[in-house]
Amino acid sequence: MNSINNRSEAGNTFKARTHRNNENIKKIGVFTSGGDAPGMNACVRAVVRTSIYSGIEVVGIRHGYQGMIDKNFIHMDARSVCHIIQQGGTILKTARCVDFKTKEGRAFAFKNIKDAGIDALVAIGGDGTFTGAELLSREFDIPIIGIPGTIDNDLFGTDYTIGYDTATNTVIEAIDKIRDTAASHDRLFFVEVMGRDSGCIALHAGIAGGAEAILLPEKDTAIDELIAKLEEGATSNKTSSIVIIAEGEKNGGAYNIARRVKDKFGFYDIKVTILGHLQRGGSPTSFDRVLASRLGYAAVKALIAGESRKMVGIQANKVCLTDIEEAINNHSIKLEDDLLVMMDVLSI
Ligand code: F6P
C-alpha cells in the first residue's frame with residue numbers, strides 16, 4: 001500500500017482521544033465516486049483527521065469503486081490531507097464503475113477490502129454512489145456511511161449536498177457575464193446548466209441571475225408558453241433576455257430549444273451557451289468547506305456509534321442521519337414550486 005505522500009508517518013502518532021463505542025472498527029476506507037464536486041477534498045480531510053483523532057486507521061480508495069476492484073489503496077495520515085481544504089476536484093480521484101454494478105464485481109471488491117483490513121467505509125458521492133454502497137453493505141454486511149457530494153443537490157435527507165453552493169455561484173458568475181454582452185447587443189441567450197435529473201442549479205442560479213425563464217427536468221414547459229413570456233418582455237421594452245435550461249429538460253437541450261424559438265420569434269438575435277464541466281471545478285465556497293467538514297466529521301462519529309447504511313446530511317442547520325435507501329428513493333423531491341411562481345413574477 002502506498003502512502004499518499006512521502007512525508008513521515010508522524011500524522012498517525014495522534015493518541016485516540018475519544019471513547020469508541022464500536023471497537024470492531026479499526027480501519028476505515030474512504031472514497032469519492034461519481035461526478036466530482038467542490039468540497040470533496042475538505043470532506044476527505046475531515047474523515048481522515050476525525051478517524052485518526054479517534055484512533056482509527058484510514059485507507060484512501062482511489063477512483064471510487066474501480067479502486068476497490070483494482071486494489072488501488074493508499075495509506076493516509078493526518079498530513080496526507082494538508083492544504084487540500086481549498087482545492088476543487090478530489091485527491092482520491094473518482095470514476096463511474098461498470099464492474100461494480102454486477103454481484104461478482106462487488107464480491108471481488110469486498111474481498112479486496114477485507115484483505116486490506118478495512119472494517120467500514122465512508123462513501124462520498126451522489127445517488128449512484130449510494131446505490132452501490134447500499135448493495136455492498138447489504139450483501140456483505142460491512143458498515144457504510146454515505147456523505148452527499150454532488151453539485152446536483154438532488155438527495156433527500158439533506159438541505160444541501162457538498163458542491164452545490166460552489167457550482168451555483170460559478171453559474172451565477174457566468175450568467176452575470178453573459179448578461180453584460182446580452183444587454184450590449186440586445187440579444188436573447190439560452191444558457192444550459194448541469195442537472196440531468198435535477199433542476200436545483202438551474203432554478204437557484206436562474207433566480208439569482210435574474211433570468212427571464214427557467215426550464216427544468218422536473219417540469220414540462222411548452223415552447224409556445226416560453227415564446228409568449230419572451231414576447232411579453234420584448235413588447236414591454238425588454239431589450240435582452242436570458243433563459244436558463246437544465247441539461248435534462250425534456251425539450252431536448254438549449255440548441256434545440258433555441259432553434260424552435262427562433263422559428264417563431266423574431267424580436268432578438270439568439271445565442272446559446274453551454275456551461276458544461278466548468279460548473280464542477282473550482283475552489284469550494286466557505287459554505288461548502290464548512291458543510292463538507294461537518295459531514296465528514298459526523299460520518300466517522302456515526303460509524304463509531306455503530307450506525308450503518310445511513311447518509312449524513314444537514315437539515316435546518318443540524319446534522320442528521322437518513323437511511324441511504326430513503327435518500328436515494330426520494331431523489332429530486334425538493335424542488336420548490338413557490339420559487340418558480342416567484343421567478344415568474346420577478347422576471348416581468
Ligand atoms: O451528477 C453530477 C453531474 O455533473 C450532472 O449534473 C451531470 O448531468 C453529470 O454529472 C455529468 O456527468 P459526466 O461528467 O460523467 O459527463
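What you are looking at is a predicted structure, and each value in this text was computed from that prediction instead of being measured. In listed order, ligands and their atoms are each counted from 1.
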Exercise. Is there a ring-ring contact (aromatic ring centres under 6.0 Å, His included) between Phe108 and Phe110 once you walk through the steps?
Worked result: CA-CA 5 Å; Phe108 190 60; Phe110 179 70; over 10 Å; no
Exercise. Does Glu307 reach the side chain of Ile144, with side-chain heavy atoms less than 4.5 Å apart?
Worked result: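 With C-beta onward as the side chain, the pair stays apart.
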Please list the nearest protein heavy atom to [atom] with its residue and the distance rounded to 0.1 Å.
atom	value
atom 7 (C) of ligand 1	Glu247 OE1, 3.4 Å
atom 9 (C) of ligand 1	Arg196 NH2, 3.6 Å
atom 4 (O) of ligand 1	Arg280 NH1, 2.9 Å
atom 14 (O) of ligand 1	His277 NE2, 2.8 Å

Exercise. For Asn41 and Arg289, does a side-chain donor sit closer than 3.5 Å to a side-chain acceptor?
Worked result: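 Not at all, the side chains of Asn41 and Arg289 share no donor-acceptor pair under 3.5 Å.
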For this session: Using only heavy-atom distances, determine whether the side chains of Ser347 and Lys229 contain a donor-acceptor pair under 3.5 Å.
Result: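 A pair is found: one side chain offers a donor N or O, the other an acceptor, under 3.5 Å apart.
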For this session: Ignoring hydrogens and angles, tell me if any N or O in the side chain of Arg294 forms a donor-acceptor pair with the backbone of Asn317 under 3.5 Å.
Result: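 Side chain of Arg294 to backbone of Asn317: a pair is present.
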For this session: Would you check whether Arg96 reaches within less than 4.0 Å of ligand 1, judged by its heavy atoms?
Result: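 True for this residue.
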For this session: Could you establish whether Gly195 and ligand 1 come within less than 4.0 Å of each other, counting only heavy atoms on the residue side?
Result: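 The answer is yes, since Gly195 has a heavy atom less than 4.0 Å from ligand 1.
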Exercise. Can you get from Ile25 to Val30 by hopping between Ile, Leu, Val, Met, Phe, Trp and Tyr side chains that sit under 4.5 Å apart?
Worked result: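 Per the 4.5 Å side-chain linkage, Ile25 and Val30 are co-clustered.
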Exercise. If you measure from atom 5 (C) of ligand 1 to every heavy atom of Asn153, Asp152, Thr129, which option wins on shortest distance?
Worked result: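 It is Asp152 whose heavy atom sits nearest to atom 5 (C) of ligand 1.
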Exercise. Applying a 4.0 Å heavy-atom criterion (strictly less than), which segment of Ile151 is in contact with ligand 1: side chain, backbone, both, or neither?
Worked result: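 Within the 4.0 Å criterion, Ile151 contacts ligand 1 through side-chain atoms alone.
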